[in-house]
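The structure under discussion appears below in the form of structure tokens.
What you see is a predicted model, and the numbers here were worked out from it, not measured in a lab. Chain identifiers are assigned alphabetically (A, B, ...) following the order of the sequence lines, protein sequences preceding nucleic acid strands; residue numbering begins at 1 within each chain.
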There are 2 protein chains.
Amino acid sequence: MISILSALAEPTRLAALRILADGGEHCVCELMDRLGASQSRMSRHMSVLKANGLVVDRRDAQWVRYTINPDLPDHLRPLIDAVLAAADAETPLLKGKAA
Amino acid sequence: MISILSALAEPTRLAALRILADGGEHCVCELMDRLGASQSRMSRHMSVLKANGLVVDRRDAQWVRYTINPDLPDHLRPLIDAVLAAADAETPLLKGKAA
DNA sequence: GGCTTATATGCGGCTATGCGCATAAGCAGA
DNA sequence: TCTGCTTATGCGCATAGCCGCATATAAGCC
């Protein structure tokens, strides 16, 4: 398993989290399309975020909808917020390309 | 090179940053001792932090003193603070052992 | 210069991580 | 049940990152 910080330190995962940060539910297929990631890649990245408690998923017919974990531990919330805020800034947090 | 978030996602580096967070200057030898890291390991970890702009170093006779980068970009400051704060909490941010 | 202490780095090995490909598994509708 | 759509996962490969070891570099002291 990957640590929380490592989970955030991957461009596609961070980009996915930024999409989820709108508070809505998003299926893997939508994230794939918006991030230009292959299906297996996207699915695996979401499973990493999930394994680290950052997101939760919900079966909805054929789809799996992901959301930011609403029960995120209190001490993690400001961290996530800070990471997302910093990701908005111009200085790259990550080496890869932004999405 | 490693991204900023990846730089933080390593137990020894995060622990070093927590030591530097007291605002003081700390040489590699002190960090080695306090974190139980070998010399080359500690030196390399500090170079990663430095390469990512998180710390700065200064020659002082035989020693190299490291400090948190005082000119940290504004949008990174809250991120670092949040990471350090979260690292103080009980839930492990990283998989490795704390120091 | 020679010795000691402190730090950086080249090298090789090991492991973790990310990826694509193929396939399995889950669900719905005919 | 058969088909199609969506998601998960086993497998193998390529690479990145971490480590120890040895050595180089740098500074101070005699």
Side-chain angles (χ1 to χ4, degrees), chain A residues 1-17 19-20 24-52 54-67 92-99, chain B residues 1-17 19-20 24-52 54-67 92-99:
Chain A
M1 190 158 90
I2 291 191
S3 71
I4 292 192
L5 283 174
S6 297
L8 297 171
E10 202 286 331
T12 302
R13 286 197 291 265
L14 183 55
L17 213 60
I19 291 178
L20 297 191
E25 288 188 317
H26 300 269
C27 63
V28 176
C29 55
E30 179 195 346
L31 297 171
M32 287 175 54
D33 289 344
R34 292 178 59 177
L35 299 179
S38 76
Q39 190 273 318
S40 68
R41 220 180 110 204
M42 197 72 246
S43 175
R44 254 184 250 271
H45 279 312
M46 296 315 293
S47 80
V48 169
L49 291 176
K50 180 182 169 186
N52 283 278
L54 296 172
V55 304
V56 293
D57 61 349
R58 175 179 76 85
R59 252 289 165 195
D60 176 16
Q62 307 129 281
W63 300 276
V64 174
R65 315 277 189 186
Y66 280 92
T67 49
L93 269 188
L94 306 170
K95 50 187 168 181
K97 72 284 164 250
Chain B
M1 191 158 91
I2 289 191
S3 72
I4 293 192
L5 282 174
S6 297
L8 297 170
E10 203 286 330
T12 302
R13 286 198 290 265
L14 183 54
L17 212 61
I19 291 178
L20 298 191
E25 288 188 318
H26 301 268
C27 64
V28 177
C29 57
E30 179 194 347
L31 297 171
M32 287 175 55
D33 289 344
R34 292 179 59 177
L35 300 178
S38 78
Q39 190 273 319
S40 67
R41 221 180 108 205
M42 198 71 245
S43 175
R44 255 182 249 272
H45 280 312
M46 295 315 291
S47 79
V48 170
L49 291 175
K50 179 183 171 189
N52 282 278
L54 296 172
V55 305
V56 293
D57 61 350
R58 175 179 75 86
R59 251 291 164 196
D60 176 16
Q62 309 130 279
W63 300 276
V64 173
R65 315 278 188 186
Y66 282 93
T67 49
L93 269 187
L94 306 170
K95 50 186 170 183
K97 72 284 166 250

Between atom [atom1] in [X] and atom [atom2] in [N], what is the gap in whole Å?
{"X": "Leu35(B)", "N": "dC19(D)", "atom1": "CG", "atom2": "P", "answer": "12 Å"}
{"X": "Glu25(B)", "N": "dA6(C)", "atom1": "CD", "atom2": "P", "answer": "17 Å"}
{"X": "Gln62(B)", "N": "dT5(C)", "atom1": "CD", "atom2": "P", "answer": "10 Å"}
{"X": "Leu31(B)", "N": "dA6(C)", "atom1": "CG", "atom2": "P", "answer": "13 Å"}
{"X": "Arg58(B)", "N": "dA26(D)", "atom1": "CZ", "atom2": "P", "answer": "19 Å"}
{"X": "Leu49(A)", "N": "dT17(C)", "atom1": "CG", "atom2": "C1'", "answer": "14 Å"}
{"X": "Asp33(B)", "N": "dT5(C)", "atom1": "CG", "atom2": "C1'", "answer": "13 Å"}
{"X": "Leu5(B)", "N": "dT17(C)", "atom1": "CG", "atom2": "P", "answer": "16 Å"}

*asked:* Can you tell me which nucleotide in dC27(C), dG28(D), dT7(D) comes closest to the side chain of Trp63(A)?
replied: dT7(D)
_Rounded to 10 degrees, the angle between the two terminal axes of the helix from dG1(C)-dC30(D) to dA30(C)-dT1(D), each from five pairs_ = 20°
*Could you grab the distance from atom CG of Leu49(A) to atom CD1 of Ile4(A), nearest 0.5 Å is fine?*
10.5 Å
Does [X] have any side-chain contact (heavy atoms from CB on, under 4.5 Å) partners at least two apart in sequence or in another chain, and if so, which?
{"X": "Gln39(A)", "value": "Met32(A), Ser43(A)"}
{"X": "Ser38(A)", "value": "Ser40(A), Arg41(A)"}
{"X": "Thr67(A)", "value": "Glu25(A), Val56(A)"}

*asked:* So, OP1 or OP2 of dC19(D): does either fall under 4.0 Å of a side-chain N or O from His45(B)?
replied: yes
*For the pair Met46(B) and Leu31(B), evaluate side-chain contact (heavy atoms from CB on, under 4.5 Å) and give the outcome as yes or no after the intermediate values.*
CA-CA 10 Å; Met46(B) 295 315 291; Leu31(B) 297 171; 3.8 Å; yes
*Name all residues meeting the side chain to side chain donor-acceptor pair (under 3.5 Å) criterion together with Glu30(A); count only those two or more places apart in sequence or in a different chain, and write none if there are none.*
His26(A), Arg34(A)
*Give the intermediate values and the outcome of side-chain contact (heavy atoms from CB on, under 4.5 Å) for residues Asn52(A) and Leu8(A).*
CA-CA 10 Å; Asn52(A) 283 278; Leu8(A) 297 171; over 6 Å; no
*Do Arg59(A) side-chain atoms and Ala61(A) backbone N/O form a donor-acceptor pair below 3.5 Å?*
yes
*Could you give me the CA-CA distance, side-chain angles and deciding distance for Leu20(A) and Leu54(A), then say whether side-chain contact (heavy atoms from CB on, under 4.5 Å) is met?*
CA-CA 10 Å; Leu20(A) 297 191; Leu54(A) 296 172; over 6 Å; no
*Quick one, give me the B/S/- string for nucleotides 8-15 of chain D, reading 5' to 3', where B means a protein heavy atom under 4.0 Å from the base and S means that only happens at the primed atoms, P, OP1 or OP2.*
BBBB----
